[in-house]
Amino acid sequence: MRFDGTLSDRQEAIMRVIRSWIVEHGQAPTIRQIGERVGLSSTSSVAYQLGRLEGWGLITRTGRGWKTCHLGSPTPPRCGLRSR
């Protein structure tokens, strides 16, 4: 899956919810909590969107559950010295 830099309105809303929830609570929200805030009653729809965001590298998980997700970046910047 290749990220073209464009998110749907729903994906942007999910990213905002995750970002603000982590700032406020110190951990990611559950799928149900995300769904409530973005207007999705189906947890499978939320999980699908989270899977796409994870596939693009915008979020990552440290465990199996979505509550362990962290915000990532699509392409981490390269740092360090160039070799000659």
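Both backbone and side-chain heavy atoms feed into the values below; hydrogens, waters and symmetry mates do not.
Atom CD1 of I14 sits about 6.0 Å away from atom CG of L53, to the nearest 0.5 Å. Separation of atoms CG (L50) and CZ (R61) is listed at 8.0 Å; rounding is to 0.5 Å. Atom NE2 of residue H25 and atom NZ of residue K67 lie 8.5 Å apart, to the nearest 0.5 angstrom. Taken to the nearest 0.5 Å, the CH2 atom of W56 stands 9.0 Å off from the OG1 atom of T6. Taking CD from E54 and CD from Q49, the interatomic distance works out to 13.5 Å, rounded to the nearest 0.5 Å. A distance of 13.0 Å separates CZ in R16 from CD1 in I34, rounded to the nearest 0.5 Å.
The two atoms that bring W66 and A28 nearest to each other are O-CB, 3.8 Å, heavy atoms only. When all heavy atoms of C69 and I22 are compared, the pair lying nearest together is O-CD1, 4.0 Å. Scanning all heavy atoms of the two residues, the minimum distance from P29 to V17 falls at CG-CG1, 4.3 Å.
The hydrophobic clustering, which links ILVMFWY residues whose side-chain heavy atoms are closer than 4.5 Å, places W21 and L7 apart.
Legend: residues meeting side chain to side chain donor-acceptor pair (under 3.5 Å) with T60, ordered by chain and number and at least two apart, are absent. Evaluation of the salt bridge (charged side-chain N to carboxylate O under 4.0 Å, His left out) rule for R10 yields no partner, not counting sequence neighbours.
Side-chain atoms of R52 never come within 3.5 Å of backbone atoms of Y48 as a donor-acceptor pair (strictly under, hydrogens ignored).
For the pair L71 and M15, the minimum side-chain heavy-atom distance is below 4.5 Å.
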